[in-house]
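First up is the structure itself, then whatever we jot down about it.
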Amino acid sequence: MTSNSRSLDHLPPLPRAFYIRDPRRVARELLGKVLVRHDRGSLRAGRIVEVEAYLGRKDPAAHAFSGPTPRNQVLFGPPGHAYVYFIYGNHYCLNVSCEPEGRGGGVLFRALEPISGIEAMARARHLRLPSVPRPGELRLLASGPGRLAEALGITRPRDNAKDFASPVADLQIVDDGFPPARVALTPRVGITKAADHKLRYLIAGNPFVSGKR
DNA sequence: TTATAGATTGCCT
DNA sequence: GGCAATCTATAAT
């Protein structure tokens, strides 16, 4: 982890072309990139360490499986846009749309390794961290899709349909030159349909992936 | 109109 | 390990 908030602020967002591809390819290549939330001069950022691919209309576990609805229409729009949904009455989850317009592929963001804006993340999560947090405490910030969204202040009313590729977006994904990491593949978490497919991508050995320690 | 499951989390035993 | 919280999209009546 070599980034600081100054450099993150000036890196360009990943281009739209990055997201046009198959969600499996996008998911794999998102690992190691940095998800950045800008607000009012401050920023919160974390390295993407865990994602899941959802394959659109051919994937029974995907929200896009049954075709476009008011809820999921962003998935069928142009690539590189935020699809935010509310789940279990408590949590928001953040995805990015993939593939060319008209197709429903997407990638779910499941865990970040916090890099910057840690105090703001802790406030958003209603946590009190010691001045020198231990890794086990930092994990509580953004290890899990609901936690990640809460840490970055992501909600459907605020963020659904936002364009990740816009240079003025307050939600961006940037490449800070972090070297490619070893990728592990597992089945997706918390689903019942198509549960045997290995479509969960994580940085092997990274302590900030979701789940119990 | 009513019922139910859901891409989760945190607290309880 | 079990389960309640708490909303919504979708299925069933």
Side-chain angles (χ1 to χ4, degrees), chain A residues 19 22-24 26-28 30-31 35 46 48-77 79 81-99 103-114 121-129 133-134 136-162 164 171 173 184-202 207-213:
Chain A
Y19 303 102
D22 185 290
R24 288 165 288 205
V26 175
R28 177 181 292 271
L30 278 174
L31 292 177
L35 179 58
I48 298 164
V49 300
E50 177 184 345
V51 293
E52 284 175 358
Y54 286 85
L55 309 183
R57 302 205 63 159
K58 63 187 173 198
D59 179 358
H63 287 183
F65 180 63
S66 301
T69 68
R71 178 206 201 190
N72 68 18
Q73 61 175 335
V74 172
L75 288 172
F76 292 91
H81 289 251
Y83 167 50
V84 182
Y85 65 87
F86 191 57
I87 192 67
Y88 294 121
N90 294 302
H91 308 290
Y92 291 99
C93 293
L94 173 68
N95 302 251
V96 60
S97 60
C98 301
E99 304 186 302
R103 305 190 41 175
V107 172
L108 169 70
F109 295 90
R110 288 194 55 92
L112 301 179
E113 176 174 350
M121 291 190 206
R123 269 196 305 279
R125 292 268 300 121
H126 314 107
L127 295 172
R128 293 194 73 96
L129 295 184
R134 297 165 29 225
E137 293 160 334
L138 289 178
R139 279 191 84 254
L140 296 174
L141 292 177
S143 292
R147 291 170 170 179
L148 181 161
E150 188 172 57
L152 298 185
I154 288 165
T155 69
R156 179 170 172 100
R158 180 178 178 187
D159 298 303
N160 190 56
K162 277 186 180 171
F164 279 101
L171 217 44
I173 301 167
L185 274 175
T186 80
R188 294 174 290 187
V189 174
I191 59 168
T192 54
K193 302 163 212 156
D196 51 328
H197 295 76
K198 290 188 174 181
L199 292 171
R200 175 175 176 241
Y201 296 73
L202 42 92
F208 290 89
V209 301
S210 70
K212 307 222 181 278
R213 287 284 86 193

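Proteins get letters first, then strands, A, B, ... in listed order; numbering begins at 1 in each.
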Does [N] have OP1 or OP2 sitting under 4.0 Å from an N or O in the side chain of [X]?
| X | N | answer |
| --- | --- | --- |
| Ser66(A) | dT10(C) | no |
| Thr192(A) | dA5(B) | no |
| Arg125(A) | dG10(B) | yes |
| Arg110(A) | dT8(B) | yes |

* Asked: Partner of dG10(B) by Watson-Crick or G-U wobble geometry, both contacts under 3.5 Å, or none?
  -> dC3(C)
* Asked: Angle class for the Tyr85(A)/His63(A) ring planes (parallel below 30°, perpendicular above 60°, tilted otherwise)?
  -> perpendicular
* To do: Identify whether any heavy atom of Arg71(A) sits under 4.0 Å from a base atom; if not, whether one sits that close to sugar-phosphate; answer base, sugar-phosphate or nothing.
  => sugar-phosphate
* To do: Classify the nucleic acid contact of Phe86(A) as base, sugar-phosphate or nothing, counting any heavy atom under 4.0 Å across all strands shown.
  => sugar-phosphate
Rounding to a whole Å, what distance do you find between [X]:[atom1] and [N]:[atom2]?
| X | N | atom1 | atom2 | value |
| --- | --- | --- | --- | --- |
| Ile87(A) | dT10(C) | CD1 | P | 11 Å |
| His197(A) | dA7(B) | NE2 | P | 16 Å |
| Tyr92(A) | dC7(C) | OH | C1' | 9 Å |
| Glu137(A) | dG10(B) | CD | P | 14 Å |
| His126(A) | dC11(B) | NE2 | P | 12 Å |
| Arg156(A) | dC7(C) | CZ | C1' | 13 Å |
| Asn72(A) | dG6(B) | CG | P | 17 Å |
| Tyr88(A) | dT8(C) | OH | C1' | 13 Å |

Do the side chains of [Y] and [X] get nearer than 4.5 Å, heavy atoms only?
| X | Y | answer |
| --- | --- | --- |
| Leu55(A) | Arg24(A) | yes |
| Tyr54(A) | Cys98(A) | no |
| Phe65(A) | Pro60(A) | yes |
| Leu185(A) | Arg28(A) | yes |

* Asked: Sub-3.5 Å donor-acceptor pair from the side chain of Ser143(A) to the main-chain atoms of Phe208(A), do we have one?
  -> yes
Test for a donor-acceptor pair under 3.5 Å between the base of [N] and the side chain of [X], counting only N and O atoms.
| X | N | answer |
| --- | --- | --- |
| Tyr85(A) | dA7(B) | yes |
| Asn90(A) | dT6(C) | yes |
| His63(A) | dA7(B) | yes |

* Structure fact -> Which of dA9(C), dT8(B), dT9(B) is nearest the side chain of Val189(A)? It is dT8(B)
* Take atom P in dA5(B) and the same atom in dC3(C), then report the distance between them in whole Å. => 16 Å
* Considering heavy-atom distances to DNA chain B, does Gly89(A) or Ser143(A) have its closest nucleotide positioned more toward the 5' end? -> Gly89(A)
